[in-house]
Amino acid sequence: MADDSENTSFLADHDHGDGVNGHNDDDYEASPAKTPANSHFKRPIKALTIVLVIFSALTVMLAIASFVMIQVAPFKGYIYSAREVLKDLGICTFVALILSIVMIFIQLPIFFSLVIDIVFPILILIYSGNIFGNGWPDANWCYEYYREPRIPNPKCLHMRDIVRILMGVTGGLGFVTGILFLVILLLRVIAISRTKFWKKGVGFGCPTGQYTFSVTLGVMKQGAPKFEVPRTRESAEGGGSAEEGRLIDA
């Protein structure tokens with residue numbers, strides 16, 4: 001009977017310990033400060049990234065369409081700025097599109113994601129603003145400077161109106177794409193702040209704790225026994241010959 005009671009107590013203690021450990025694990029997982037930054041806002045960021053991919057793809061397609069339309073239309077004015085702005089916006093948005101597709105399926109490090117969310121919205125917003133500035137199709141696109149009177153070509157005016165619509169929509173989609181990047185950046189910053197990384201010590205791979213160093217010094221007295229150095233065979237033979245010489249002299 002005594003053995004049964006001891007076994008029962010042992011199992012009861014173990015069951016209680018498992019319950020305590022399970023409770024501590026739940027607290028650990030539920031604590032925001034102990035959760036990695038990538039675990040916060042995981043679904044909202046993924047949903048926004050999917051929307052970002054859609055707007056980025058539309059921006060790239062419309063930028064290409066506007067560029068091709070400018071190339072084939074009978075424009076007579078200075079169209080170099082418009083082509084360069086569309087080219088810059090198309091390339092930048094295309095790179096952002098590729099990275100966004102990668103981030104949907106692969107969880108990148110938080111630092112790399114922050115760099116993407118900071119650099120690309122700035123570039124996209126700048127290039128989108130330039131569309132409505134230096135790159136905007138003005139009245140001089142359909143006039144020839146060296147001809148008088150300056151009579152516009154009706155076909156050129158019609159194509160210019162189409163290009164204005166395409167470039168306006170492209171610039172608007174570029175602004176939306178940049179704003180989506182900024183919203184994702186805001187969520188990542190909030191996720192990092194929830195980890196409270198500033199309260200955690202920065203370690204360099206060394207274990208923490210106390211280290212104790214002890215040094216033992218020994219002092220030998222004059223009367224202490226000395227260690228006898230073993231002699232080699234030659235020294236032993238030399239010592240034996242010396243003793244035989246002393247015996248003969250005696």
Side-chain angles (χ1 to χ4, degrees), residues 45-105 108 112-189:
I45 290 177
K46 187 174 183 179
L48 288 173
T49 305
I50 295 174
V51 177
L52 178 63
V53 168
I54 297 174
F55 278 91
S56 299
L58 293 175
T59 304
V60 172
M61 289 188 293
L62 288 177
I64 294 174
S66 301
F67 187 87
V68 173
M69 188 70 68
I70 292 174
Q71 288 293 108
V72 301
F75 295 127
K76 305 297 182 181
Y78 185 73
I79 60 176
Y80 176 78
S81 297
R83 290 184 301 181
E84 290 299 314
V85 169
L86 288 172
K87 186 189 299 183
D88 294 337
L89 179 61
I91 293 174
C92 182
T93 310
F94 179 74
V95 176
L97 173 63
I98 298 300
L99 293 176
S100 299
I101 294 174
V102 172
M103 287 190 292
I104 291 176
F105 301 100
L108 300 178
F112 188 69
S113 301
L114 282 177
V115 172
I116 294 174
D117 296 336
I118 292 174
V119 173
F120 281 96
I122 294 175
L123 296 177
I124 291 174
L125 291 175
I126 291 175
Y127 294 145
S128 300
N130 290 337
I131 287 180
F132 300 98
N134 298 331
W136 187 249
D138 55 10
N140 295 323
W141 279 32
C142 294
Y143 293 100
E144 296 181 3
Y145 294 100
Y146 54 88
R147 285 188 178 182
E148 293 293 341
R150 300 175 61 187
I151 300 175
N153 184 359
K155 183 179 180 180
C156 179
L157 293 177
H158 179 68
M159 296 296 292
R160 187 193 63 185
D161 293 337
I162 296 176
V163 171
R164 282 182 174 178
I165 295 173
L166 288 175
M167 292 184 64
V169 177
T170 303
L173 291 175
F175 278 118
V176 175
T177 303
I179 293 173
L180 286 173
F181 265 114
L182 294 178
V183 173
I184 295 175
L185 174 63
L186 179 61
L187 292 178
R188 293 192 195 279
V189 172

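One-based numbering along the sequence shown. What's counted below: heavy atoms across the whole structure, side chains too, no hydrogens, waters or symmetry copies.
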Reported [atom1]-to-[atom2] distance for the pair [X] and [Y], which is rounded to 0.5 angstrom:
| X | Y | atom1 | atom2 | answer |
| --- | --- | --- | --- | --- |
| Leu48 | Phe55 | CG | CZ | 11.0 Å |
| Leu89 | Ile126 | CG | CD1 | 11.5 Å |
| Thr93 | Ile64 | OG1 | CD1 | 10.0 Å |
| Phe132 | Arg164 | CZ | CZ | 12.5 Å |
| Ile184 | Leu52 | CD1 | CG | 5.0 Å |
| Leu125 | Ile179 | CG | CD1 | 7.0 Å |

Name of the residue among Ile124, Thr49, Val51 meeting side chain to side chain contact (heavy atoms under 4.5 Å, CB included) with Leu180: Val51

Verdict with supporting geometry, Ile116 and Phe181, side chain to side chain contact (heavy atoms under 4.5 Å, CB included): CA-CA 9 Å; Ile116 294 174; Phe181 265 114; 4.1 Å; yes

Looking at side-chain heavy atoms only, is the closest gap between [X] and [Y] below 4.5 Å?
| X | Y | answer |
| --- | --- | --- |
| Leu86 | Ile70 | yes |
| Ile45 | Met103 | no |
| Leu58 | Thr177 | no |
| Ile101 | Leu97 | yes |

Taking all non-hydrogen atoms of both residues into account, name the closest pair between [X] and [Y] and its distance.
| X | Y | result |
| --- | --- | --- |
| Pro74 | Cys156 | O-SG, 3.5 Å |
| Ser100 | Val53 | CB-CG2, 3.6 Å |
| Val163 | Met69 | CG2-CG, 3.3 Å |
| Arg188 | Leu114 | CB-CD2, 3.9 Å |
| Gly178 | Pro121 | O-CB, 3.6 Å |
| Cys92 | Leu123 | SG-CB, 3.6 Å |

Partner residues of Phe94 under the ring-ring contact (aromatic ring centres under 6.0 Å, His included) criterion, sequence neighbours left out: none

Donor-acceptor contact present, side-chain Arg160 to main-chain Trp141, <3.5 Å: no

Side chain to side chain contact (heavy atoms under 4.5 Å, CB included) evaluation trace for Ile165 with Asp161: CA-CA 6 Å; Ile165 295 173; Asp161 293 337; 5.6 Å; no

All pairs passing side chain to side chain donor-acceptor pair (under 3.5 Å) where residues 59-72 contributes a residue, at least two apart: Gln71-Arg83

Pairs involving residues 123-136, ordered by first then second residue, that meet side chain to side chain donor-acceptor pair (under 3.5 Å) (sequence neighbours left out): none

OH (Tyr80) with more than 12 external heavy atoms under 6.0 Å: no

